Structure formats: structure tokens, C-alpha cells
Amino acid sequence: MHLFFTICQAVGFGCAVGIRPFLPALLVGALAAGNLGIDFGGTDSAWLESPIALTVIAALFVGVLILERRPRSPRWLEPALVAPFVVLSFALGGGAFQDGHRAWLAGIVLAGAAAVLAVRALRPVLERARARLDAEAAGALPVYAEGAGLLVAGLTVLFPPVALLALLFLLALLLTARRREGEKYAGLRILR
């Protein structure tokens, strides 16, 4: 049963970081620092518990949030988020497995796959929402996404099987978006 919870935590952390990287990592790092539901002490991910890492993650969160709230956020911002997204998902997933005294590679693979699924599922949804909203409401979307990632991360620490619900939700979003894409292009083929 402990292995099942470890797998769920790695998947949940990957989903949370895939939604938004900073607040979920900050929450999990802070909980790990207090040994509340997770402990990265003695693992390769122990750096996530350090006050320096938590401060850097918080500063990155604030900086990115300020840049995204601007009317025209820089084009380089989204590609620049790939590095923290990869590092944090791998560190959290690997740390979850090492906390359970298992090999970190499985955690990295599970968290990385879940994070990629989250990005692929949510990016089109957020882009469509951003296009339909006015500038002020569209500027709040990153805050909502951070809140969703924070919720997934927190619930994953408290009750790891919740991660499977998040994974199923993201998978349903991805499949629905692909079906809509197919329907959109099917209508265009009829016009020929």
C-alpha cells in the first residue's frame, strides 16, 4: 500500500507542477521542511526543503506573476518556464520515491509524464479562455491556475489517491480538446 501512495504522490506532484510550477513546489517544499506528510531529508531532493530554495521559488513565482499580469507579457516567458517546470517535477517526483526508500528514477518518470499531460491538457484551455476574456480577467488566469496546482499538491500530500482524480480530469480535458479539434477540421472538409 505504501508503494501505491508513493506512486500517487509522484503523479500528483507532476500534475500540480504541470498546471503551474511554483506554488505547488513551494507548498510541498514547505511541508517537507516541517516533515508534514512528506520528507525529502536524506534524499537528492532535500534542497527543496531549504530556506534558500523556498525563497528562490517564491521570488520566481512573484516575478513570473508580475510579468504575466502585464497587458502584453513577453513572448520569451512561456518557453522560459520550461526549465523550472522540468526541474521541479523531476525533483518532486524523485523525492517522493526516495522518501519511500525507492529508486528515484521511477518517480522522475511518473512525475514527468504527469506534468507533460497537465501542460498538454491545460494550455489549449487557458489559451481559449484568454482569447475570450478581457485583459483584466485574462490576467487573473495564472492566479487561478496557481491555485489549482496548489490544491492538487496539497491534497496529494494529505491523501495521495486524490492524484488519480487529477490525472483522470487532465486526461479527460486532453481527450475532449482533441475531439473538438477533429470536429472543427471535419467541418472544414465538408466545405470543399
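Please read all numbers here as calculations on a predicted model, not as lab measurements.
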Measuring only between side-chain heavy atoms, which start at C-beta, is [X] closer than 4.5 Å to [Y]?
{"X": "Leu167", "Y": "Leu117", "result": "yes"}
{"X": "Tyr144", "Y": "Leu126", "result": "no"}
{"X": "Val162", "Y": "Val152", "result": "no"}

To check you understand the geometry: which heavy-atom pair defines the closest contact between [X] and [Y], and what is its length?
{"X": "Pro161", "Y": "Cys8", "result": "CA-SG, 3.9 Å"}
{"X": "Ile19", "Y": "Gly149", "result": "CG2-N, 3.8 Å"}
{"X": "Phe13", "Y": "Ala96", "result": "CE1-CB, 4.0 Å"}
{"X": "Pro142", "Y": "Leu65", "result": "CB-CD1, 4.1 Å"}
{"X": "Gly95", "Y": "Phe40", "result": "C-CE2, 3.4 Å"}
{"X": "Leu170", "Y": "Cys15", "result": "CD1-SG, 3.8 Å"}

In terms of heavy-atom contacts, does CG of Leu168 have more than 12 from other residues, nucleotides or ligands at under 6.0 Å? yes
Any link between [X] and [Y] through a network of hydrophobic side chains (Ile, Leu, Val, Met, Phe, Trp, Tyr) touching at under 4.5 Å?
{"X": "Leu88", "Y": "Val62", "answer": "yes"}
{"X": "Leu67", "Y": "Val143", "answer": "yes"}
{"X": "Val11", "Y": "Leu165", "answer": "no"}
{"X": "Ile38", "Y": "Phe159", "answer": "no"}
{"X": "Ile57", "Y": "Val86", "answer": "yes"}

Backbone N or O of Asp39 within a donor-acceptor pair of the Glu49 side chain at under 3.5 Å? no
So, does Ser89 use its side chain to make a donor-acceptor pair with the main chain of Val17 at under 3.5 Å? no
Could you walk me through whether Thr6 and Asp99 pass the side chain to side chain contact (heavy atoms under 4.5 Å, CB included) check? CA-CA 8 Å; Thr6 301; Asp99 181 37; over 6 Å; no
Please output the side-chain donor-acceptor pairs of residues 103-111 that fall under 3.5 Å, not counting sequence neighbours, one pair per line with the distance.
none

Quickly, which of Val157, Leu150, Leu151, Leu54 forms a side-chain contact (heavy atoms from CB on, under 4.5 Å) with Leu27? Name it, please. Leu150
Evaluate Val56 against Phe22 for side chain to side chain contact (heavy atoms under 4.5 Å, CB included), listing each step before the verdict. CA-CA 10 Å; Val56 168; Phe22 300 115; over 6 Å; no
Quick one: salt bridge (charged side-chain N to carboxylate O under 4.0 Å, His left out) partners of Glu146, sequence neighbours excluded? Arg20
Please walk me through it: do Phe61 and Leu26 pass side chain to side chain contact (heavy atoms under 4.5 Å, CB included)? CA-CA 9 Å; Phe61 163 68; Leu26 193 62; 5.7 Å; no
Residue pair Phe97, Ile7: steps toward the side chain to side chain contact (heavy atoms under 4.5 Å, CB included) verdict: CA-CA 7 Å; Phe97 262 71; Ile7 290 169; 3.7 Å; yes
